[in-house]
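Comments concern the structure below.
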Amino acid sequence: MKSSNFIETAVEEDFAAGRFTPPIHTRFPPEPNGYLHIGHAKSICLNFGLAEKFGGKCNLRFDDTNPTKEETEYVDSIQNDVRWLGFDWEDRLYFASDYFETLYEYAVKLIKAGKAFVCDLSPEEMREYRGTLKEPGRNSPNRDRAVDENLDLFSRMRAGEFPDGAHSLRAKIDMASPNLNMRDPVMYRILHATHHRTGDAWCIYPTYDFTHGQSDSIEAITHSICTLEFENHRPLYDWYCRELGIHHPRQIEFARLNLNYTMMSKRRLLALVKENHVRGWDDPRMPTISGLRRRGYTPESIRNFCERIGVAKFNSTIEFPVLEQAIREDLNKRANRVMGVLRPLKVVIENYREGETEELEAVNNPEDESAGMRKVPFSRELYIERDDFMEEPPKKFFRLAPGREVRLRYAYFIKCESVVKNDAGEITELRCTYDPETRGGNAPDGRKVKATIHWVSAQHALKSEVRLYDLLFKTADPGDVPEGGDWRDNLNPNSLEVVSDAQLEPALAGAAAGERFQFERLGYFTVDPDSTDDNLVFNRTVALRDSYETKKKQPRVPLGTKARTGEKCPETGVWKVSGDTADTVSVNRGAKMPSHNDKAATWELHEIT
RNA sequence: GUGGGGAUCGGUCAAUGGCAGGCCGCCUGCCUUUGAAGCAGGAGACGAAGGUUCGAUUCCUUCUCCCCAUGCCA
């Protein structure tokens, strides 16, 4: 049993104390004004997960009280995404708009009880009357309007007698409350707009606050889980339920998900789409569920990700690699391996019979024996990855180089005999020899090679398009912009790279959209829906971890390098305080440089360990 | 002298009035027909000050810092 979070603890306490009777009943309540993103996935997993864990139910409810922002397209995509994630609301699909009539009756009830009134103040006037964070507000001049008059006005609001903004219905609470949400909040506003479901049946719409708790109540929700920004609304949520005398669910708030190098704001995601910074809501670079799906993420990996990031009230930001590791783990177990060369370099095996072809046995998935074997064609001319050859290899480079021998995966040892270049001095081809004795990859004489590289037979290769993705933004917190700056300035101009002449092994022919593979040594790839019969298109979901690359990217720094307290340590080693003391401390690369005697200090790298 | 919420390894989430644990990341080693995966090991934290207590990261007080709230959005 996984350790439980504070919400589960609260739920258990509620049941134990008899505040609610099991089973638990939760709901996922999106507003249909955009596509779902990974942040929603956290909420979905939480709500449906809670129901699952406590043997209860979870509803899907659209919080559609603002006709100006909502569309059917979003309603459809949201349902599709929740279902894809693997959750089932069974027959409990609801819309807040289904409750408009009931909500109207609730409002009338509050008017009759002298708890609500029709206000004539304009939005600007209301702002003035509301007061400030430190000063109390003033009562609306209409606050003491007679009940009959309120009733009459409210029904005429509904009947469409007034233009937008002419009146509003407000709760009569406390204009001096330190919580501004309690200063006579608006319950209904006049909006002559067509609603995606109710059409023109209404021209007054309830606000979120006058809708949410009551909708929860109507659906007999026990625990209403929402994000932190609604904490200040809880007193209002409670007030409406209490004054209306209806079933009263408990609202519990948690911190929404933040992921670095990306954005969760629907407004900005919409801007990315509308301004064509991406190809659509499902662009594989988007943090949307549909984007992640197209990118090749599995529902399991996303649920797993949500599981491991946890739930708390601390405003945190998850590091992107947590998401990447979640999909790697899943795909490592289920994706079949194939060989594909992204940047082909031709290799001619000089001692291999011209025109001949043989088939070699390859394992489909070393993690899953049931995946079986396949045949891979081998011939005299091959393609290998350009990165797998260096004419003048540095000491830590294990792959192919002049005079060096490596293994072609599942095939033979080959040795580079010579390099062919064009007039510009660029390498165009490698001339190699193979050792027939090493068929399958083993040398009978027991000799070893330091590297095994992937390859594909040139005449059998399947040319295809591969799209490589990088982070959408080049800064960890794209919303953090200097004065006068724009978050768009942080867009990564190189977030998409299209490789149009990748050469893949023939087994990939006919792969269907959505199928996932590991291209050995390169990463996980999925077939994009843009694929056609004669042009397969792959998306790279995520690269394999690469300890060679990470080492290359972080070159060793020289001894004597300085770093201040609080800075990121540039190298693992023994650090010495600058100046006359001999105090040293051992710090790991990436960690924060410590203080010295509780004071900030400058450290010098003394010894690399 | 606004109200509400929050603060634990680099990141994130736990537990606990008595050795602070997991995951991601980082480092080292082993293994390897993927520089992958796997296995083993390592470095690394209780925002500050008081108080209660034999003992406080945990309980209390004060402070500091961060987030939310001044829509007829949700």
Side-chain angles (χ1 to χ4, degrees), chain A residues 2-5 29-31 33 63 65-66 68-69 119 121-123 126-127 130-137 164-165 167-170 177-183 185-191 205 207-209 211-212 226 228-235 253 255 260 266 307-326 328-329 332-333 337 339 362-363 366-367 396-399 407-411 440-442 449-454 518-523 544-551 554 568-569 572 586-592 609:
Chain A
K2 64 185 205 285
S3 78
S4 59
N5 58 53
E31 181 189 13
N33 67 343
D63 222 333
T65 57
N66 185 351
T68 65
K69 291 186 176 174
C119 183
L121 256 27
S122 69
M126 211 179 281
R127 185 157 44 238
R130 186 158 32 235
T132 66
L133 293 176
K134 297 187 180 178
E135 274 154 29
D164 288 3
H167 299 283
S168 64
L169 183 72
R170 295 223 263 162
S177 171
N179 182 344
L180 303 242
N181 292 129
M182 301 299 273
R183 321 246 263 224
V186 170
M187 294 162 58
Y188 269 90
R189 72 276 210 194
I190 300 173
L191 237 37
Y205 292 91
T207 58
Y208 164 85
D209 284 308
T211 304
H212 204 90
C226 63
L228 248 30
E229 65 268 29
F230 293 106
E231 224 159 7
N232 295 328
H233 292 245
R234 192 172 61 228
E253 312 84 8
N260 64 11
K266 273 195 207 169
E307 185 64 46
R308 46 178 82 165
I309 58 176
V311 181
K313 299 194 75 161
F314 177 65
N315 236 308
S316 60
T317 301
I318 305 297
E319 293 176 336
F320 209 85
V322 181
L323 219 207
E324 294 186 323
Q325 192 52 24
R328 282 196 194 100
E329 269 175 35
N332 176 48
K333 295 201 185 69
R337 273 61 169 169
M339 290 195 285
V363 174
E367 302 285 324
K396 285 292 189 183
F397 185 84
F398 304 149
R399 284 107 93 159
R407 171 168 41 234
L408 293 181
R409 177 138 237 225
Y410 297 124
N442 286 306
V449 287
K450 294 208 71 169
T452 298
I453 65 175
H454 59 279
Q518 182 196 98
F519 288 8
E520 295 219 30
R521 304 209 303 134
L522 297 177
L544 253 32
R545 285 212 310 206
D546 187 340
S547 57
Y548 176 68
E549 282 297 319
T550 53
K551 273 183 180 148
Q554 301 182 7
K568 199 170 180 177
C569 176
T572 303
S586 183
V587 189
N588 280 310
R589 180 165 64 217
K592 258 189 201 161
T609 52

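Given the structure is predicted, the values throughout are model-derived calculations rather than measurements. Below, chains carry the letters A, B, ... as their sequence lines are ordered, and counting in each starts from 1.
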Exercise. So, A:Lys313 and A:Glu231, do they make that salt bridge, N to O below 4.0 Å?
Worked result: yes
For this session: Spell out yes or no: do the side chain of A:Arg337 and the base of B:U34 have one donor N/O and one acceptor N/O closer than 3.5 Å?
Result: yes
Exercise. Taking atom CZ of A:Arg409 and atom CZ of A:Arg521, what is their separation to the nearest 0.5 Å?
Worked result: 9.5 Å
Exercise. Does A:Glu253 get its side chain close enough to the base of B:G5, under 3.5 Å, for a donor-acceptor pair?
Worked result: no
Exercise. Quick one: does A:His454 reach the base of B:A36 with a side-chain donor-acceptor pair under 3.5 Å?
Worked result: no
For this session: Report which part of the nucleic acid A:Leu228 touches: base, sugar-phosphate, or nothing (heavy-atom distance under 4.0 Å, all strands).
Result: nothing
Exercise. Is A:Arg234 touching bases, backbone alone, or none of the nucleic acid, heavy atoms closer than 4.0 Å?
Worked result: nothing
For this session: Determine: side-chain N/O of A:Arg521 to OP1/OP2 of B:G35, distance under 4.0 Å, yes or no.
Result: yes
For this session: Would you indicate what A:Thr207 reaches in the nucleic acid, counting non-hydrogen atoms under 4.0 angstrom: base, sugar-phosphate, or nothing?
Result: sugar-phosphate
Exercise. Hey, do the aromatic rings of A:Tyr548 and A:Phe398 have their centres closer than 6.0 Å?
Worked result: no
Exercise. Counting any heavy atom closer than 4.0 Å, what does A:Met187 reach on the DNA or RNA strands: base, sugar-phosphate only, or nothing?
Worked result: nothing
Exercise. Distance check: side-chain N/O of A:Gln325 vs OP1/OP2 of B:C23, anything under 4.0 Å?
Worked result: no
Exercise. A:Gly441 near the nucleic acid: base, sugar-phosphate alone, or nothing, with a heavy-atom cut-off under 4.0 Å?
Worked result: base
For this session: Pick base, sugar-phosphate or nothing for A:Phe230, based on heavy-atom distances below 4.0 Å to the nucleic acid.
Result: base
Problem set entry | Phosphate OP1/OP2 of B:A74 contacted by A:Thr211 side-chain N/O (<4.0 Å) | no
Problem set entry | Of the listed nucleotides B:C68, B:A37, B:U12, the one nearest the side chain of A:Ser316 | B:U12
Problem set entry | Spacing of A:Ser168 atom OG and A:Met126 atom CE [to the nearest 0.5 Å] | 3.5 Å
Problem set entry | Sugar-phosphate only, base, or nothing, as touched by A:Phe320 at under 4.0 Å among non-hydrogen atoms | nothing
Exercise. Which is true for A:Glu231 with a 4.0 Å heavy-atom rule: it touches a base, it touches only sugar-phosphate, or it touches nothing?
Worked result: sugar-phosphate
For this session: Among the candidates B:C72, B:C73, B:G11, find the nucleotide nearest to the side-chain atoms of A:Lys69.
Result: B:C73
Exercise. Taking OP1 and OP2 of B:C24, is either one under 4.0 Å from a side-chain nitrogen or oxygen of A:Arg328?
Worked result: no
Problem set entry | Selection from B:U70, B:A74, B:C67 that lies nearest to any side-chain heavy atom of A:Asn315 | B:C67
Exercise. Can you check the A:Glu329 CD to B:A37 P distance for me, whole Å?
Worked result: 10 Å
For this session: Please check the phosphate of B:A36 (OP1 and OP2 only) for any side-chain N or O of A:Ser547 closer than 4.0 Å.
Result: yes
For this session: With heavy atoms under 4.0 Å as the rule, sort A:Lys396 into base, sugar-phosphate or nothing.
Result: base
Exercise. Is the ring centre of A:Phe398 under 5.5 Å from the base ring centre of B:G35, and are the two planes under 30° apart, so that they stack?
Worked result: yes
Problem set entry | Validation row: A:Phe519, A:Leu544 side chains within 4.5 angstrom (heavy atoms) | no
For this session: Could you tell me whether the side chain of A:Gln518 has a donor or acceptor atom within less than 3.5 Å of a complementary atom in the base of B:U34?
Result: yes
Problem set entry | Inter-residue atom distance A:Glu229.CD - A:Asn315.CG, 0.5 Å rounding | 9.0 Å
Exercise. If you take atom types as modelled and just measure distance, does the side chain of A:Arg545 reach the base of B:G35 with a donor-acceptor pair under 3.5 Å?
Worked result: no
For this session: Under 4.0 Å between any heavy atoms, over every strand shown, what does A:Glu31 touch: base, sugar-phosphate, or nothing? Just pick one.
Result: sugar-phosphate
Exercise. Can you find a donor-acceptor N/O pair under 3.5 angstrom joining the side chain of A:Asn232 to the base of B:G3?
Worked result: yes
Problem set entry | Sugar-phosphate only, base, or nothing, as touched by A:Asn442 at under 4.0 Å among non-hydrogen atoms | base
Exercise. Where each residue is assigned the nucleotide of RNA chain B containing its nearest heavy atom, which of A:His212 and A:Val322 is assigned the position nearer the 5′ end?
Worked result: A:Val322
Exercise. Touch check for A:Phe314, heavy atoms < 4.0 angstrom, all strands: base, sugar-phosphate only, or nothing?
Worked result: sugar-phosphate
For this session: Quick one: label A:Thr317 by what it contacts on the DNA or RNA (base, sugar-phosphate, nothing), any heavy atom closer than 4.0 Å.
Result: sugar-phosphate
Problem set entry | Rounded distance (nearest 0.5 Å) linking atom CG of A:Leu323 with atom CZ of A:Arg308 | 10.0 Å
For this session: Looking only at side-chain atoms of A:Lys134, point me to the closest of B:C73, B:U2, B:G71.
Result: B:U2
Problem set entry | Ion pair A:Glu253/A:Arg234, N-O distance below 4.0 Å | yes
Exercise. Where each residue is assigned the nucleotide of RNA chain B containing its nearest heavy atom, which of A:Arg130 and A:Asn332 is assigned the position nearer the 5′ end?
Worked result: A:Asn332
For this session: Kindly point out which of B:C72, B:U12, B:A74 is positioned nearest to the side chain of A:Ile318?
Result: B:U12
Exercise. Expressed in angstrom and rounded to an integer, what is the separation of A:Glu549 atom CD from B:C26 atom P?
Worked result: 13 Å
Problem set entry | Sugar-phosphate only, base, or nothing, as touched by A:Thr65 at under 4.0 Å among non-hydrogen atoms | sugar-phosphate
For this session: Would you mind reading off the distance between A:Met182 atom CE and B:G71 atom P, rounded to a whole angstrom?
Result: 17 Å
